[in-house]
Amino acid sequence: MRNLNLDEEILSEYLLDDFNTEDSTIIENELSKRLSGYDIIDLEIGCGNGKFIVELAMNNKDKYFLGIEYSYKAAKKAVSKAYKRDIKNLTIIFGEANNVIDKYLNCKYLFDKIYLNFPDPWPKKKHAHRRIFNKDFLDKMYPILKDEGIFYSVTDDDNYALEIMNPIYNESKIFKNVLESEYVNKLEGYGVTLYEEKMRAIGHNIYFFAHSKNIKL
């Protein structure tokens with residue numbers, strides 16, 4: 001087992017710091033180098049402590065996995081998991097998701113699968129503007145997803161799922177549902193986050209959405 005003392009060298013092996021890097025070309029060049037040679041790249045937006053994305057990377061060494069995380073504490077936990085398992089096909093970007101997508105991903109990379117697991121629902125009306133999932137965000141997913149790719153989004157918040165996310169999906173012209181129903185409460189083979197384990201244990205419903213691009217526009 002590898003030593004888990006996360007010094008700067010180890011962090012730089014897995015973590016790209018958009019919040020504290022003034023020259024964006026440094027991250028652009030590093031991403032280009034790391035993703036080179038991989039035909040399949042998956043993205044997790046808000047990868048948290050890394051349980052979900054690290055397990056994916058560990059079990060799919062032919063793919064490259066890119067995670068975006070706003071919390072430095074959580075991002076370091078993801079790095080710790082990846083380093084402990086000597087994973088080579090994973091990078092975490094410490095940054096704000098919309099900025100990272102605009103600066104480094106849009107018009108540069110196409111993802112086979114994009115995962116948005118349990119975004120903060122910000123239930124109070126005065127905080128609604130902080131929700132990451134909205135029509136503009138869905139528009140942002142379209143150009144970075146492969147034509148045959150799938151965008152997954154998951155929440156345990158009943159109101160967020162049924163009053164916000166599902167109506168936006170139903171009104172969308174650019175994405176189409178690939179499930180037999182509008183959402184499912186269990187998705188075989190999807191993988192499990194630490195948060196999902198905790199929420200299922202206390203009886204929360206879990207809502208899985210899965211959409212592909214509507215290329216017949």
Side-chain angles (χ1 to χ4, degrees), residues 1-2 4 6 14-15 38 40-94 97 100 111-123 131-133 137-138 141 145-146 149-162 164-166 169 175 177-212:
M1 185 178 295
R2 301 178 79 183
L4 296 185
L6 297 180
Y14 292 98
L15 190 73
Y38 286 90
I40 302 176
I41 311 168
D42 286 359
L43 171 69
E44 185 181 9
I45 300 168
C47 62
N49 66 15
K51 180 181 186 300
F52 181 84
I53 197 169
V54 167
E55 289 183 0
L56 282 177
M58 191 166 53
N59 295 324
N60 298 273
K61 292 186 170 57
D62 58 324
K63 297 183 180 182
Y64 202 92
F65 293 85
L66 189 63
I68 304 173
E69 178 50 48
Y70 187 84
S71 163
Y72 187 63
K73 182 179 180 180
K76 285 185 69 176
K77 288 181 179 179
V79 168
S80 176
K81 288 179 174 65
Y83 178 71
K84 178 180 177 181
R85 293 159 179 80
D86 197 21
I87 288 172
K88 302 299 184 185
N89 56 329
L90 170 66
T91 291
I92 307 296
I93 301 179
F94 172 48
V100 169
F111 296 93
D112 191 63
K113 293 182 177 64
I114 301 176
Y115 305 95
L116 178 66
N117 292 317
F118 303 100
D120 193 327
W122 292 105
R131 294 175 187 144
I132 190 170
F133 189 94
F137 180 78
L138 202 57
M141 295 298 96
L145 185 67
K146 287 183 178 179
I150 303 293
F151 172 51
Y152 296 97
S153 49
V154 188
T155 183
D156 69 310
D157 187 279
D158 297 337
N159 181 68
Y160 201 27
L162 303 178
I164 298 166
M165 295 175 72
N166 200 46
Y169 277 128
F175 280 93
N177 183 16
V178 299
L179 301 173
E180 294 183 358
S181 54
E182 291 182 328
Y183 57 84
V184 294
N185 297 120
K186 189 174 183 180
L187 197 56
E188 293 296 332
Y190 183 78
V192 181
T193 67
L194 183 62
Y195 183 84
E196 180 184 344
E197 290 179 344
K198 292 179 179 179
M199 293 304 103
R200 283 198 186 277
I202 60 175
H204 281 211
N205 292 318
I206 308 296
Y207 300 87
F208 293 87
F209 297 90
H211 290 76
S212 65

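All residue numbers in this chain count up from 1 along the given sequence.
Applying the side chain to side chain contact (heavy atoms under 4.5 Å, CB included) test between Ser212 and each of Leu145, Asn177, Val178 identifies Val178 as the sole match.
In this structure, Phe118 has its ring center under 6.0 Å from that of Tyr195. Aromatic ring centres of Tyr152 and Tyr190: separated by under 6.0 Å.
Residues Ile206 and Asn185 form no side-chain contact, since every pair of their non-hydrogen atoms from C-beta on lies 4.5 Å or further apart. In this structure, the side chains of Arg131 and Ile164 come closer than 4.5 Å at one or more pairs of heavy atoms. Looking at Ser153 and Tyr207, their side chains never come closer than 4.5 Å, going by heavy atoms from C-beta outward. In this structure, the side chains of Ile87 and Met58 come closer than 4.5 Å at one or more pairs of heavy atoms. Looking only at side-chain heavy atoms (C-beta outward), Leu194 and Glu196 stay at 4.5 Å or farther from each other. Side-chain atoms of Tyr183 and Tyr169, non-hydrogen and from C-beta on, never get closer than 4.5 Å to each other. Annotation: side chain of Phe94 is not in contact with side chain of Ile68 (no heavy-atom distance under 4.5 Å). Using a 4.5 Å cut-off on side-chain heavy atoms (C-beta onward), Leu116 and Phe133 make contact.
Here the NZ-NZ distance, from Lys77 to Lys73, works out to 5.0 Å after rounding to the nearest 0.5 Å. The CG atom of Leu187 sits 12.0 Å away from atom CZ of Phe209, with the distance rounded to the nearest 0.5 Å. Distance CZ/Arg200 to OG1/Thr193: 9.5 Å, rounded to 0.5 Å. How far CG of Leu162 is from CD of Glu182: 9.0 Å, rounded to the nearest 0.5 Å. Taken from OH in Tyr72 to CD1 in Ile92, the straight-line distance is 12.5 Å, to the nearest 0.5 Å. Rounded to the nearest 0.5 Å, atoms CG (Leu90) and OH (Tyr64) are 6.5 Å apart.
Asp157 places a side-chain N or O within donor-acceptor distance of the main-chain N or O of Tyr160, the cut-off being under 3.5 Å.
When all heavy atoms of Ser71 and Ala74 are compared, the closest pair comes out as OG-N, 3.1 Å. Considering every non-hydrogen atom in both Val154 and Phe208, the closest pair reads CG2-CD2, 3.5 Å. Residues Val79 and Tyr14 approach most closely at CG2-CB, 3.9 Å, considering heavy atoms. Considering every non-hydrogen atom in both Thr155 and Ala161, the closest pair reads CG2-CB, 3.5 Å.
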Side-chain donor-acceptor pairs under 3.5 Å in residues 40-56, sequence neighbours left out?
from, atom 1, to, atom 2, distance (Å)
Asp42, OD1, Lys113, N, 3.2
Glu44, OE2, Asn117, ND2, 3.0
Asn49, OD1, Lys51, N, 3.1
Lys51, NZ, Glu55, OE2, 3.3
Lys51, NZ, Val192, O, 3.2

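Within 6.0 Å of OH in Tyr70 there are 12 or fewer heavy atoms belonging to other residues, nucleotides or ligands.
Between Phe151 and Phe175, the ring-plane angle classifies as tilted under the 30° and 60° cut-offs.
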